[in-house]
Amino acid sequence: MLHQCDVRGATRRRFLSGLAGIAIAAAIGFGAGPARADAPLVFAAASLKNALDDVIASYAATGGGKITASYAASSVLARQIEAGAKAEVFISADADWMDYLGQRGLVDAKSRENLLGNRLVLIAPKTSTATLAIAPGFPLLQALGDGRLAIADPDSVPAGKYGRSSLTSLGVWSSVVDHIAIAENVRVALAYVARGETPLGIVYETDALQEPKVRIVGYFPEDSHLPIVYPAALTNGATPEAARFFKFLTSDKAQAAFRKAGFSIIATGTRP
């Protein structure tokens, strides 16, 4: 079961201790295994796992080469690239971490494109009977009872940042800040709710649609947080195979896989 004491401190220590990045991704089952020397490595936000796995399979089925993917929080992946990880494609769940790498000259600015959109939702275990209308001042704390709200780290992880922004805009963040269970990324927050360790959680709509053990309680107003945008870019020195896969991300086949998972499409696919 989730330990409820000093959750914020424990999460921050895990983040800062160097146990992040690919190691965390592998530990929670998001990694795609050791990268082959000839296989471009894609670093992608954890919320993309199911859809991007399907896109990679579709790319292979159409004659594309081997692609390896590793999934974790955008913040973790960006720091790993900064530290020298050999990813050739980066897909973030917000603009901030793509900007972070761009400011350090670690991505090809000309390749950058806003790829996808998403929505933020409040979830509960499938067996829960909780009902809650998300609106300014809504009784989130009361709905938690003696439990906690699962949320990705609001200091660094995009899903958590969007969640904190929305709850602040709605006037309820201050009432629940001492009743949250901080997760390394959005899929871990999803798992807390799916396992019944927390009564409620904040994740993306696409995450909730992938997990049969949770249900969506409500949608957060889109004007209560910044638009949820997934920018993608090649890193400097990306191989031709990585560039071909990057272009495939805006193909009809790839966009069909993203739509099936619940993402909205932003990219036009007009880049060369």
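A donor-acceptor contact closer than 3.5 angstrom is absent between the side chains of Ser47 and Asp207. Using modelled atom types, one finds no donor on one side chain facing an acceptor on the other under 3.5 Å when comparing Thr250 with Gln255. Side chain to side chain, Tyr162 and Asp94 fail the donor-acceptor criterion of an N or O pair below 3.5 Å. If you check the side chains of Tyr100 and Arg79, you find a donor sitting under 3.5 Å from an acceptor. Between the side chains of Ser169 and Ser224, no donor-acceptor pair is found at a separation under 3.5 Å. No donor-acceptor contact under 3.5 angstrom links the side chains of Asn114 and Tyr230, judged on distance only.
By the 4.0 Å N-to-carboxylate-O rule, Arg112 lies too far from Asp108 to be salt-bridged with it. In this structure, Lys161 pairs ionically with Asp96, as a charged nitrogen and a carboxylate oxygen lie closer than 4.0 Å. Using a 4.0 Å cut-off between charged side-chain N and carboxylate O, Arg195 and Glu197 make a salt bridge.
In this structure, the separation between CZ on Phe246 and CD1 on Ile67 is 12.5 Å, given to the nearest 0.5 Å.
When the side chains of ILVMFWY residues are joined at heavy-atom separations under 4.5 Å, either directly or via intervening members, Val157 and Leu200 end up in two distinct hydrophobic clusters. A single hydrophobic cluster is seen to contain both Val186 and Leu167, as judged by linkage of ILVMFWY side chains at heavy-atom distances under 4.5 Å, directly or through other members.
A donor-acceptor pair under 3.5 Å is formed between the side chain of Ser74 and the backbone N or O of Ala93.
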Val42/Leu52 under side-chain contact (heavy atoms from CB on, under 4.5 Å): CA gap, chis, key distance, verdict: CA-CA 10 Å; Val42 178; Leu52 193 59; 4.0 Å; yes
Worked check of salt bridge (Lys or Arg N to Asp or Glu O under 4.0 Å) between Asp155 and Arg164: CA-CA 9 Å; Asp155 291 331; Arg164 177 172 61 186; 2.9 Å; yes
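Taking the six-membered ring where the residue is Trp, the centroids of Phe248 and Tyr59 are separated by under 6.0 Å.
Take Phe138 and apply the ring-ring contact (aromatic ring centres under 6.0 Å, His included) test, not counting sequence neighbours, and it matches no residue.
The residue from Leu122, Thr198, Val193 that alone fulfils the side chain to side chain contact (heavy atoms under 4.5 Å, CB included) condition with Leu149 is Leu122.
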